[in-house]
Engineer: 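I am attaching a structure below and will ask some questions about it afterwards.
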Amino acid sequence: MTAEPTPVSIEHARLGLFELYRRQGKQVWVQASGESMRPLISPGAWLLVDFGVAPTRVGEIVIFARQTTVVAHRVVVDTRGSSGRTLTTKGDSQLHFDPPLAAGDVIGVVRAVRRGPQARIHTLGCSGFTAELAGRLSGLSGRVAGRLRISPLARS
């Protein structure tokens, strides 16, 4: 007797697989499903994830878990304090920051994107100057939204 997989069981399986990749330090293509990183990452795009590494600078896109969901968002603030390293992340198309993330909770870092399984691979916006610029601009938009007290629900 087999049970029909539920969205929660699939997410748990994905998290388990990603944790295995993290321990093994693998580099793997994974498919995106959300809208929060548009326009760089659209649903169905493929992400080359370097599992088991930490981001080295603002602007890099990290993979982490929120409850049972795997999230890929950009690092917009990197804080190093007495309690350790904390990252602030945000989806490029989102107004508000995610809750703070311990650097040790990062599962991997996105190194490249392609629009489909056979599409051209590009790194623009994933690393270097363009990623850092995107991170700084995304961080600025999050601070402005917070100061203007724009509700997270205002954008539908």
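These numbers were taken from a predicted model, which means no experiment stands behind them.
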Engineer: Can you measure from NE2 (His73) to OG (Ser138) and round to the nearest 0.5 angstrom?
Structural biologist: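 Rounded to the nearest 0.5 Å, the NE2-OG separation comes to 9.0 Å.
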Engineer: Can you name the closest pair of heavy atoms from Trp29 and Ala112 and give their distance?
Structural biologist: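 Shortest heavy-atom separation between Trp29 and Ala112 comes out as CZ3-O, 4.1 Å.
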Engineer: Within the supplied structure, the quantity of interest is the number of heavy atoms (other residues, nucleotides, ligands) at a distance under 6.0 Å from Ile10 CD1; does it exceed 12?
Structural biologist: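 Counting neighbours around CD1 of Ile10, more than 12 heavy atoms of other residues, nucleotides or ligands fall under 6.0 Å, so yes.
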Engineer: Taking all non-hydrogen atoms of both residues, which atom of Cys126 and which atom of Val113 are closest, and how far apart?
Structural biologist: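 Nearest heavy atoms, Cys126 then Val113: SG-CG2, 3.6 Å.
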Engineer: For Glu35, check salt bridge (Lys or Arg N to Asp or Glu O under 4.0 Å) against everything at least two apart and list the hits.
Structural biologist: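 Applying salt bridge (Lys or Arg N to Asp or Glu O under 4.0 Å) to Glu35 gives Arg38.
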Engineer: Between Val110 and Ile121, is there shared hydrophobic-cluster membership here, with clusters defined by ILVMFWY side-chain heavy atoms closer than 4.5 Å?
Structural biologist: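 Hydrophobic grouping puts Val110 apart from Ile121.
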Engineer: Quick check on the hydrophobic clustering: are Val144 and Leu137 connected, directly or via other members, by side-chain heavy-atom contacts under 4.5 Å?
Structural biologist: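 No, Val144 does not connect to Leu137 through the hydrophobic network.
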Engineer: May I ask you to decide if the ring planes of Phe18 and Phe51 are parallel, tilted or perpendicular, using 30° and 60° as cut-offs?
Structural biologist: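 Phe18 vs Phe51 ring planes: tilted.
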Engineer: Grab the two heavy atoms, one from Thr68 and one from His12, that are nearest each other, plus how far apart they are.
Structural biologist: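 That would be CG2-NE2, 3.3 Å.
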Engineer: What distance separates Arg23 CZ from Leu20 CG, expressed to the nearest 0.5 Å?
Structural biologist: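 Reported to 0.5 Å precision, the distance equals 6.5 Å.
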Engineer: Between atom CG of Leu47 and atom CD1 of Ile41, what is the distance when rounded to the nearest 0.5 Å?
Structural biologist: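 With rounding to 0.5 Å, CG (Leu47) is 4.5 Å from CD1 (Ile41).
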Engineer: Got a sec, which residues hit salt bridge (Lys or Arg N to Asp or Glu O under 4.0 Å) with Arg147, two or more places apart in sequence or on another chain?
Structural biologist: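 If we apply the salt bridge (Lys or Arg N to Asp or Glu O under 4.0 Å) test to Arg147, skipping adjacent residues, there are no hits.
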Engineer: Does Val28 share a hydrophobic cluster with Leu15, counting links as ILVMFWY side-chain heavy atoms below 4.5 Å and allowing steps through other members?
Structural biologist: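 Shared cluster, yes.
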Engineer: Does one hydrophobic cluster hold both Trp46 and Leu48, with members joined at side-chain heavy-atom distances below 4.5 Å?
Structural biologist: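 Looking at the clustering, Leu48 is in the same group as Trp46.
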Engineer: Between Asp98 and Phe64, which heavy-atom pair has the shortest distance, and what is it?
Structural biologist: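 Nearest heavy atoms, Asp98 then Phe64: OD2-CZ, 3.8 Å.
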Engineer: Tell me if a side-chain donor or acceptor on Glu132 pairs with a main-chain N or O of Val58 at a distance below 3.5 Å.
Structural biologist: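 Here the side-chain-to-backbone pair does not exist.
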Engineer: Rounded to the nearest 0.5 Å, how far does CZ of Arg14 lie from OH of Tyr21?
Structural biologist: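 Nearest 0.5 Å value for the OH-CZ distance: 11.0 Å.
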Engineer: Residues two or more places apart in sequence or in another chain: which of them pass side-chain contact (heavy atoms from CB on, under 4.5 Å) with Arg85?
Structural biologist: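 If we apply the side-chain contact (heavy atoms from CB on, under 4.5 Å) test to Arg85, skipping adjacent residues, the hits are Ala54, Pro55, Asp78, Arg80, Leu87, Ala103.
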Engineer: Val106 and Arg22: side-chain contact (heavy atoms from CB on, under 4.5 Å), yes or no, with the steps?
Structural biologist: CA-CA 9 Å; Val106 169; Arg22 175 167 49 175; 5.7 Å; no
Engineer: Grouping I, L, V, M, F, W and Y whenever their side-chain heavy atoms are under 4.5 Å apart, do Val70 and Met37 come out in a common cluster?
Structural biologist: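 Per the 4.5 Å side-chain linkage, Val70 and Met37 are co-clustered.
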Engineer: Please name all residues satisfying salt bridge (Lys or Arg N to Asp or Glu O under 4.0 Å) with Arg111, sequence neighbours left out, ordered by chain then number.
Structural biologist: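 Arg111 satisfies salt bridge (Lys or Arg N to Asp or Glu O under 4.0 Å) with Asp50, Glu60 only.
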Engineer: Tell me if a side-chain donor or acceptor on Ser93 pairs with a main-chain N or O of Ser36 at a distance below 3.5 Å.
Structural biologist: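 Yes.
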Engineer: Can you pull the side chain to side chain donor-acceptor pair (under 3.5 Å) pairs that have at least one residue in residues 115-127, sequence neighbours excluded?
Structural biologist: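 Pairs touching residues 115-127 that pass the test: none.
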Engineer: Tell me the closest heavy-atom pair linking Gly125 and Ile61, and the distance in Å.
Structural biologist: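 Heavy atoms only, the tightest pair is O-CD1, 4.0 Å.
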Engineer: Locate the shortest heavy-atom distance separating Ile63 from Ala72; write the atom from each residue and the value.
Structural biologist: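 Result for this residue pair: CD1-CB, 3.4 Å.
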Engineer: Sequence neighbours left out, what passes side-chain contact (heavy atoms from CB on, under 4.5 Å) with Arg143? Give chain and number order.
Structural biologist: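 Result, side-chain contact (heavy atoms from CB on, under 4.5 Å) vs Arg143: Val77, Phe97, Leu140.
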Engineer: In this structure, are over 12 heavy atoms from other groups packed under 6.0 Å from Gln67 atom CD?
Structural biologist: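 Open: at most 12 neighbouring heavy atoms sit under 6.0 Å from CD of Gln67.
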Engineer: Between atom CZ of Arg74 and atom OG1 of Thr89, what is the distance when rounded to the nearest 0.5 Å?
Structural biologist: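 Rounded to the nearest 0.5 Å, the CZ-OG1 separation comes to 11.5 Å.
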